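One structure is given below, encoded as structure tokens.
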Amino acid sequence: MNLQDTLTTVEQKLDITKKIKIYLCGVTVYDESHIGHARTIIVFDVLRKYLESKKVEVDFVQNFTDVDDKIINRATKQNVTAEEISSKYIENYFRDFEQLNVKRATNYPKATEHIEDIIEFIKKLIDKEMAYVTKNGVYFAVSKFSEYGKLSKKKVDELQSGSRIQIDEAKNEPADFAVWKFSDVNPTWDSPWGRGRPGWHIECSVMSIKYLGESFDIHGGGRDLIFPHHENEIAQSEACTNLPFAKIWMHVGMVTISGEKMSKSLGNTKSIKHVLENWGPNVIRLFCLSGHYSKVIDYSEEMLKENLIKWRQVETCYYELIHAESENHEKNTKDIEKIGIEFDNSLESDFNTHLALSAFFQLVKETNRLAAEEKLTKELAQIIKKEFERMTNILGLNIPEMTQDKKHEIDNLIQNRERLRKEKQFEEADKIRGQLNEMNIELIDHKERTIWMKKEKIQSEK
RNA sequence: GGUACUCUGGCAGAACGGUUAUGCGUGAGCCUGCAAAGCUUAUACAAGGGGGUUCGACUCCCUCGGGUACCUCCA
């Protein structure tokens, strides 16, 4: 498998004959997760599911940053503890991503549970004279790490220091960043240098190394993390271990809305909760995978609608497969195996989910065509279904199951309708169809028989 | 100002320097009791502008321009 690496700017080969270790920078838990977070996490979810489908063992670690100014500010505003804020949004995070059918990471380490490790790490940096203590905290000395800027391709002296934040006069260099901040506003911990809390960045270095080792396979996150977050992580980690930190840096493009980045600071976010209510998990997943992961995708009603139409095709395909019983068969069916290979090749080549989806839709369309023409035999359906399920599992698409009782009820209604149709009592027959529609059951009348499908309920259709 | 990414038809999005991608949408027709699903077919000045290299450029080079992101809050 090849993946574009942000650091070297070329595609790097990922050796999938061995266990793969992935660290994904998760969220800072101070607010609802939005569709931008969903995209990054879904991309990695599919990557992981693909690898696992190839019997590759994957260690997938995703952190929660649960100590941070934004959390503290929010806690102060709401007159609660920082811990209450972070635990609330961690809960919400799991609520959202469970619904999005995202598999749980191997581990979700939290910054606050690794303070000892962080202190040990900082000690090493100070011993190596890579960090120094000031009246405000402990700072990493960027000038001591000659490769600083290699990920974001920035030159230290070109950084416009203080363009957005105030320059801290106590630092040696404006580019130096805090690994420990002195503070008496809770949460705080004792450290050899004074009471305070860890700086942003350090927790990811510490926790990734702790759980995945000093050098691991893939480190990822949103593009907006390249600088300063990942740049600083590399500096700290490599200064500490003298080893290359991550083999491949994989960054997921932003989700824009009306061409503008979706972000909490701009206040134009679409929360996952909100989008789930309107479109459901499968449409969101299709949308998030519709473009190459490295590129920007624009959130719009139109795009979601297009993906809803596609999702309907997938649902149709599934129900055609489980109801298939045609006696006829067509000789010139598309090569199922070939489609499967195309799907895999697309993912192997810099994880092109868009192309993988087009392979998947080839399968869907071919199935629906055969079914409409009454040429889908049980045997063929079984072969296709196996491939269909392999792909939907990797993509994380999920067709909700129906209870056996419901199925009987539907079958009975359909039989009644069939009888009425034969008797040309169309008004009565249509009434039954309407009744089933109310239950989100859609009927497909083939030449010889009628099959049903359960449509996922999606609000925005109206 | 610097850096990275990016610019292909109404929208989304591909292609070893040489062929109509494809999907969605839209129009027409077929199928159907009607719908839905499906099928057939049609539809698109397609390449941000301008140069260059080449027999030939979406693809390589130069240049100008647009967009997005980052330049110490961000997935």
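Computed from a predicted structure; not experimentally measured. Sequence lines set the chain letters: A, B, ... in the order given, protein chains first and strands last, and positions in each chain run from 1.
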Between the base of [N] and the side chain of [X], is there a donor-acceptor distance below 3.5 Å?
X	N	result
A/Arg433	B/rA35	yes
A/Glu306	B/rG25	no
A/Lys310	B/rC24	no

Report which part of the nucleic acid [X] touches: base, sugar-phosphate, or nothing (heavy-atom distance under 4.0 Å, all strands).
X	value
A/Arg39	nothing
A/Ile41	nothing
A/Met262	base
A/Glu442	sugar-phosphate
A/Ile309	sugar-phosphate
A/Asp445	base
A/His251	nothing
A/Glu231	nothing
A/Gly221	sugar-phosphate
A/Phe426	base
A/Ser294	nothing
A/Val252	nothing
A/Asp430	base
A/Lys261	base

To the nearest angstrom, how far is [X] atom [atom1] from [N] atom [atom2]?
X	N	atom1	atom2	value
A/Tyr293	B/rA12	OH	P	21 Å
A/Glu302	B/rG13	CD	P	12 Å
A/Asn307	B/rC11	CG	P	17 Å
A/Asp66	B/rC73	CG	P	19 Å
A/Asn352	B/rG23	CG	P	17 Å
A/Tyr148	B/rU72	OH	P	10 Å
A/Ile451	B/rA37	CD1	P	13 Å
A/Leu289	B/rA14	CG	P	14 Å

Nucleotide nearest [X] (side chain, heavy atoms from C-beta), chosen from [options]:
X	options	answer
A/Met254	B/rG38, B/rG23, B/rA75	B/rA75
A/Glu373	B/rC7, B/rG33, B/rC39	B/rC39
A/Leu355	B/rA14, B/rA75, B/rU68	B/rA14
A/Val27	B/rG23, B/rA14, B/rA75	B/rA75
A/Lys70	B/rG33, B/rC73, B/rG23	B/rC73
A/Arg421	B/rG33, B/rG2, B/rU72	B/rG33
A/Met303	B/rA12, B/rU72, B/rU68	B/rA12

Answer yes or no for [X] and [Y]: cation-pi contact, defined as NZ/CZ to six-membered ring centre under 6.0 Å and angle to ring axis within 45°.
X	Y	answer
A/Lys70	A/Tyr30	yes
A/Lys247	A/Phe216	no
A/Lys135	A/Phe182	no
A/Arg104	A/Phe94	yes

Expressed as a whole number of Å, how far does the [atom1] atom of [N] sit from that of [M]?
N	M	atom1	answer
B/rG52	B/rG27	P	44 Å
B/rG13	B/rA21	C1'	10 Å
B/rG10	B/rC64	P	29 Å
B/rC31	B/rC58	C1'	40 Å
B/rU3	B/rU41	C1'	50 Å
B/rC24	B/rU19	C1'	25 Å
B/rU8	B/rU68	P	14 Å
B/rC73	B/rA46	P	47 Å

Does [atom1] belonging to [X] count more than 12 external heavy atoms closer than 6.0 Å?
X	atom1	result
A/Glu302	CD	no
A/Lys406	NZ	no
A/Gln78	CD	yes
A/Lys273	NZ	no

Restricting to non-hydrogen atoms, name the atom on A/Gly253 and the atom on A/Arg223 that form the minimum distance, rounded to 0.1 Å.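 Nearest pair, atom of A/Gly253 first, then A/Arg223: CA-CG, 3.8 Å.
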
Base partner of [N], which must satisfy Watson-Crick or wobble distances under 3.5 Å:
N	value
B/rG33	none
B/rA69	B/rU3
B/rG18	B/rC55
B/rA42	B/rU26

Does A/Thr316 or A/Cys25 map to a spot on RNA chain B nearer the 5' end, using the closest nucleotide for each?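 Per heavy-atom nearest nucleotide, the more 5' residue is A/Thr316.
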
A/Phe177 or A/His354, whichever maps to the more 5' nucleotide of RNA chain B: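 Of the two residues, A/His354 wins.
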
side-chain N/O [X] vs [N] OP1/OP2, d < 4.0 Å:
X	N	result
A/Lys365	B/rC24	yes
A/Gln362	B/rG23	no
A/Lys295	B/rA14	yes

Out of the candidates A/Lys378, A/Arg449, A/Lys375, only one should pair with A/Glu325 under the salt bridge (charged side-chain N to carboxylate O under 4.0 Å, His left out) rule; please name it.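 Single pass found, and it is A/Arg449.
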
